[in-house]
Amino acid sequence: SFDKGLGTGELDVAAQFDIAAAAGDFLPFATLGYKWNGSPKNLPLRDVAYGSVGVQYSWDDRVATGVAFDYRQSSVRTSPDPQEGSIYLSVRVNERFSINLYGVKGFSDNSPAVGGGLVLTYRPDFGGVPRPPE
């Protein structure tokens, strides 16, 4: 609902291409995308390109760290383009549980100054149904 400040109320559509290739213990990755923003009459939004680049290092089969840089054109022409860097630590506790700790630093006025979070993941056992590889 645009009236409640929860979005524009219009349909947004995006397409993106992701690539990653392991090189020993390193995993470089990149994303390139384009988003077509639905634009209400009272808020002219432009369609935007976005992307990210980064690299992950696997210390062993349970622990990995990584860094990434994200860039996106601003949906409003008069606002700066959001640019952010992030770091993360991912730990697989066992086959079912993993923990991801991350931090974010913004490099533009249209990005968060700093941020971070913790993601706890549980992968249930579906009685022998194969899970996709990690």
Side-chain angles (χ1 to χ4, degrees):
S1 169
F2 183 71
D3 294 335
K4 294 179 182 177
L6 301 175
T8 65
E10 302 293 328
L11 178 67
D12 300 329
V13 177
Q16 75 180 45
F17 175 75
D18 298 302
I19 187 168
D25 293 330
F26 289 92
L27 180 69
F29 55 88
T31 296
L32 184 61
Y34 195 80
K35 182 178 177 185
W36 294 270
N37 284 306
S39 185
K41 294 176 187 174
N42 59 345
L43 182 62
L45 300 176
R46 67 178 177 165
D47 301 333
V48 298
Y50 62 91
S52 64
V53 294
V55 64
Q56 175 176 293
Y57 180 78
S58 295
W59 297 92
D60 56 32
D61 63 344
R62 295 180 7 157
V63 179
T65 55
V67 296
F69 176 77
D70 301 317
Y71 171 85
R72 178 178 56 85
Q73 289 179 306
S74 176
S75 299
V76 178
R77 291 189 188 279
T78 57
S79 294
D81 295 340
Q83 300 177 52
E84 302 166 6
S86 60
I87 60 172
Y88 63 88
L89 168 67
S90 180
V91 179
R92 187 173 53 183
V93 177
N94 58 37
E95 189 175 316
R96 303 264 180 259
F97 290 96
S98 63
I99 300 169
N100 189 331
L101 180 65
Y102 66 92
V104 177
K105 167 72 174 121
F107 300 115
S108 69
D109 289 340
N110 205 16
S111 297
V114 293
L118 176 70
V119 178
L120 304 173
T121 302
Y122 172 73
R123 295 171 190 87
D125 181 3
F126 290 110
V129 176
R131 291 191 343 236
E134 294 184 13

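- No more than 12 heavy atoms of other residues, nucleotides or ligands shown are found within 6.0 angstrom of CG on D109.
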**Request:** For side-chain contact (heavy atoms from CB on, under 4.5 Å), just list the numbers for R92 and D61, CA-CA rounded to whole Å, side-chain angles, deciding distance to a tenth of an Å, and then say yes or no.
**Result:** CA-CA 8 Å; R92 187 173 53 183; D61 63 344; 4.0 Å; yes
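- Annotation: ring pair (Phe, Tyr, Trp, His ring centres under 6.0 Å) contacts involving residues 11-33, sequence neighbours excluded, comprise F26-Y57.
- When all heavy atoms are compared, the tightest approach of D125 to R96 is CB-NH2, 2.9 Å.
- Judged as a side chain to side chain donor-acceptor pair (under 3.5 Å), and not counting sequence neighbours, W36 has no contacts.
- Other residues sharing the hydrophobic cluster of I99, ordered by chain and number and joined by side-chain separations under 4.5 Å: V93, F97, L101, L118, L120, Y122.
- Residues that satisfy the salt bridge (Lys or Arg N to Asp or Glu O under 4.0 Å) test with D70, not counting sequence neighbours, are absent from this structure.
- Residues A14 and Y50 come closest through the heavy atom pair CB-OH, 4.0 Å.
- Residues forming a salt bridge (Lys or Arg N to Asp or Glu O under 4.0 Å) with R62 (at least two apart in sequence, or on another chain): none.
- No path of Ile, Leu, Val, Met, Phe, Trp and Tyr side chains, each step under 4.5 Å between heavy atoms, connects V53 with L27, placing them in separate hydrophobic clusters.
- By the side chain to side chain donor-acceptor pair (under 3.5 Å) test, S75 is found to be paired with N37, residues two or more places apart in sequence or in another chain being considered.
- Within the 4.5 Å cutoff, side-chain heavy atoms of R123 are placed close to those of S98.
- Rounding to the nearest 0.5 Å gives a distance of 12.5 Å between CG of L11 and OG of S39.
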Using a 3.5 Å cut-off and no angle test, enumerate the donor-acceptor pairs between side-chain atoms of residues 79-91 and protein atoms at least two apart in sequence or in another chain.
residue, atom, partner, partner atom, Å
D81, OD1, S74, N, 2.9
D81, OD2, Y71, OH, 2.5
Y88, OH, Q56, OE1, 2.7

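- A search for side chain to side chain donor-acceptor pair (under 3.5 Å) contacts involving T31 returns D18, not counting sequence neighbours.
- Partners of S108 under the side chain to side chain donor-acceptor pair (under 3.5 Å) rule, at least two apart in sequence or in another chain, are S111.
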